[in-house]
There are 2 protein chains.
Amino acid sequence: MTAIRGARERARSEITAAIKDEARRQLAAEGAAKLSLRAVARELGMASSALYRYFPSRDDLLTALIVDAYNAVGEAAEAAGDTARDTARGPSAGRPLARWSAICAAVRDWALAHPHEYALIYGSPVPGYHAPRSTTEPAARVGLALIGVVRDAHAAGALKEPAEPLPDPVVGDALALAAELGVELPGAVMARLIGAWAQLFGLLSFELFGQFNGVVEARTEFFEQSVRQLARGVGLTTPR
Amino acid sequence: MTAIRGARERARSEITAAIKDEARRQLAAEGAAKLSLRAVARELGMASSALYRYFPSRDDLLTALIVDAYNAVGEAAEAAGDTARDTARGPSAGRPLARWSAICAAVRDWALAHPHEYALIYGSPVPGYHAPRSTTEPAARVGLALIGVVRDAHAAGALKEPAEPLPDPVVGDALALAAELGVELPGAVMARLIGAWAQLFGLLSFELFGQFNGVVEARTEFFEQSVRQLARGVGLTTPR
DNA sequence: CAAAAACGAGAGCAGTGCTCTTGCTTTCGC
DNA sequence: GCGAAAGCAAGAGCACTGCTCTCGTTTTTG
């Protein structure tokens with residue numbers, strides 16, 4: 001795709017990457033609030049004003065880091081889901097719940113390993129507010145991974161649809177999203193899936209942001225248990 | 001309790017309150033990131049250095065705002081829970097689910113009305129990390145309000161305990177917390193309660209931080225539906 | 001090969017949190 | 001009641017931030 005069009009362009013992409021790397025380092029070390037353009041430039045041995053040739057503002061740099069972070073969690077989730085699917089061949093084949101749990105655990109592992117990056121994407125929005133359009137697609141990857149599990153379970157007939165009815169507007173939103181994603185799932189399941197998706201990050205945020213301090217000590221077990229309950233809520237049957 | 005010990009002390013508390021008020025105004029208008037000590041001082045017509053006599057640092061001011069915010073949500077939750085309890089006398093008495101939903105709705109209403117304050121307490125931790133001891137008690141108020149509903153339902157025999165077993169460490173944590181709070185609830189219920197508490201704020205954070213943009217449009221209905229499901233998860237029976 | 005575009009560095013602006021010193025006022029101990 | 005002590009407000013100043021503008025230099029391009 002990207003042919004070498006000249007030394008200048010290559011240098012540009014290299015420097016852009018170096019800036020992002022150094023910024024990511026500072027982000028991981030001190031958090032988004034203390035990320036300073038001047039410090040990045042200083043560390044890279046360039047004038048701070050030169051940095052503005054690559055990122056027109058601090059928020060643009062942060063946006064780039066946000067996109068990368070979304071892709072990192074998304075990739076972790078997808079990888080965990082894929083290996084769980086491929087591993088569970090043979091006698092215990094088709095265990096959607098194991099796959100669901102694997103994805104959630106992967107997201108949690110990533111979050112615990114990169115707390116500041118997690119806070120950047122799932123904490124309070126730092127910049128002027130509304131995320132740029134470019135972030136929405138990477139932001140959806142974890143959700144899509146979870147949807148994939150339920151879609152496969154549904155196709156395999158291993159999904160127990162929830163009995164009780166949902167409000168019409170909710171089902172409407174859910175069906176609209178399902179159609180947009182080209183996935184065939186009942187509205188009720190889709191709606192509960194969205195809820196589970198949000199609630200998953202509620203658990204993670206409370207754990208990471210210290211709300212569980214002095215309340216929950218067995219964090220891993222608690223998380224796994226809660227994730228199982230979320231799965232049950234969307235209709236994934238618990239294996240015995 | 002606080003007798004008027006002199007003009008000086010009264011002036012001090014008045015100025016402290018004025019600083020907090022102005023800071024809260026700026027917080028509500030622009031968010032925590034743009035809250036500036038100098039701007040507060042400027043607005044109050046005093047030198048910025050004078051402000052440090054009242055709050056030794058910006059983080060201390062923020063901490064005071066955090067405590068106030070926790071108390072504000074907590075109070076909203078408690079008030080909603082109390083009126084729901086007292087209103088539901090007579091034939092339809094003892095409707096724990098209505099009370100539960102009322103509390104959750106009150107929290108959501110408060111959050112929607114004060115998004116920046118919500119972000120301050122339930123978003124990424126802004127300062128150097130660990131919240132001071134003084135915040136933990138106000139932070140627990142919403143959780144305690146929810147616990148109260150379930151406690152009353154349990155005492156009235158209107159609680160359907162979840163059947164399936166939970167991991168020992170999780171139950172242990174839950175029972176320890178129940179004992180600490182002096183509340184008599186089964187470990188399994190208590191554990192699910194903690195999960196529901198965290199998941200409630202997951203739903204709110206996703207809504208407030210824009211994660212539902214283009215995904216969920218019928219926000220209120222979706223929230224109410226999810227809250228009902230959370231209640232069912234902890235054993236509150238849904239009335240017909 | 002010359003014009004145009006991209007680039008790096010430096011100075012500078014307006015703003016920040018925070019400290020220190022300097023006077024003034026209120027409180028407190030004798 | 002008065003002098004010492006403590007509390008207070010203000011100003012100057014430090015080190016830092018994001019960001020802009022200008023000015024030479026280098027690279028790309030027509």
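Basis for what follows: all heavy atoms, side chains included, without hydrogens, waters or symmetry-related copies. Reminder, nothing fancy here: chain letters follow the sequence lines and each chain counts from 1.
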Looking at every non-hydrogen atom in both residues, tell me the closest pair between [X] and [Y] and how far apart they are.
| X | Y | value |
| --- | --- | --- |
| A/Ala33 | A/Arg58 | O-NH2, 3.5 Å |
| A/Ala29 | A/His116 | O-CE1, 4.1 Å |
| B/Pro167 | A/Arg228 | CG-NH2, 4.1 Å |

**OP:** Compare side-chain N and O positions of A/Tyr54 against OP1 and OP2 of C/dG8 and report whether any pair is under 4.0 Å apart.
**Re:** yes
Original post:
Under a 4.0 Å N-O cut-off, is there an ion pair linking A/Glu9 with A/Arg12?
Top reply: no
What is the distance, rounded to the nearest whole Å, between atom [atom1] of [X] and atom [atom2] of [N]?
| X | N | atom1 | atom2 | result |
| --- | --- | --- | --- | --- |
| A/Leu51 | C/dG8 | CG | P | 10 Å |
| A/Arg53 | D/dC19 | CZ | P | 15 Å |
| A/Lys34 | D/dT17 | NZ | P | 12 Å |
| A/Asp60 | D/dC19 | CG | C1' | 13 Å |
| A/Leu44 | C/dA9 | CG | C1' | 15 Å |
| B/Glu9 | C/dC28 | CD | C1' | 13 Å |

**OP:** Check whether the side chains of A/Asp60 and A/Thr63 place a donor and an acceptor atom closer than 3.5 Å, and report yes or no.
**Re:** no
**OP:** Report the residue (A/Pro56 or B/Ala50) whose heavy-atom-nearest nucleotide on DNA chain D is the more 5′ of the two.
**Re:** B/Ala50
Original post:
Relative to each other, are the rings of A/Tyr122 and A/Tyr118 parallel, tilted or perpendicular (30° and 60° limits)?
Top reply: tilted
Original post:
Is there a donor N/O on one and an acceptor N/O on the other, under 3.5 Å, for the side chain of A/Ser49 and the base of C/dG10?
Top reply: yes
Output a table of nitrogen or oxygen pairs between the protein and nucleotides 14-17 of chain C separated by less than 3.5 Å.
residue, atom, partner, partner atom, Å
C/dT16, OP1, B/Ser36, OG, 2.9
C/dT16, OP2, B/Arg42, NH2, 2.5
C/dG17, OP1, B/Leu37, N, 2.7
C/dG17, OP2, B/Leu37, N, 3.2
C/dG17, OP2, B/Arg38, N, 3.1
C/dG17, N7, B/Arg38, NH1, 2.5
C/dG17, O6, B/Arg38, NH1, 2.8

Subject >> Spacing of A/Arg108 atom CZ and A/Leu200 atom CG [to the nearest 0.5 Å] >> reply: 11.0 Å
Original post:
In Å, rounded to the nearest 0.5 Å, how long is the span from CD1 of A/Ile66 to CG of A/Asn71?
Top reply: 12.0 Å
Original post:
Can you list, by residue number, the residues of residues 14-27 of chain B that have a non-hydrogen atom closer than 4.0 angstrom to DNA chain D?
Top reply: B/Ile15
Original post:
Counting any heavy atom closer than 4.0 Å, what does A/Phe55 reach on the DNA or RNA strands: base, sugar-phosphate only, or nothing?
Top reply: nothing
Subject >> Among A/Leu146, A/Val183, A/Leu144, the one residue meeting side chain to side chain contact (heavy atoms under 4.5 Å, CB included) with A/Arg151 >> reply: A/Val183
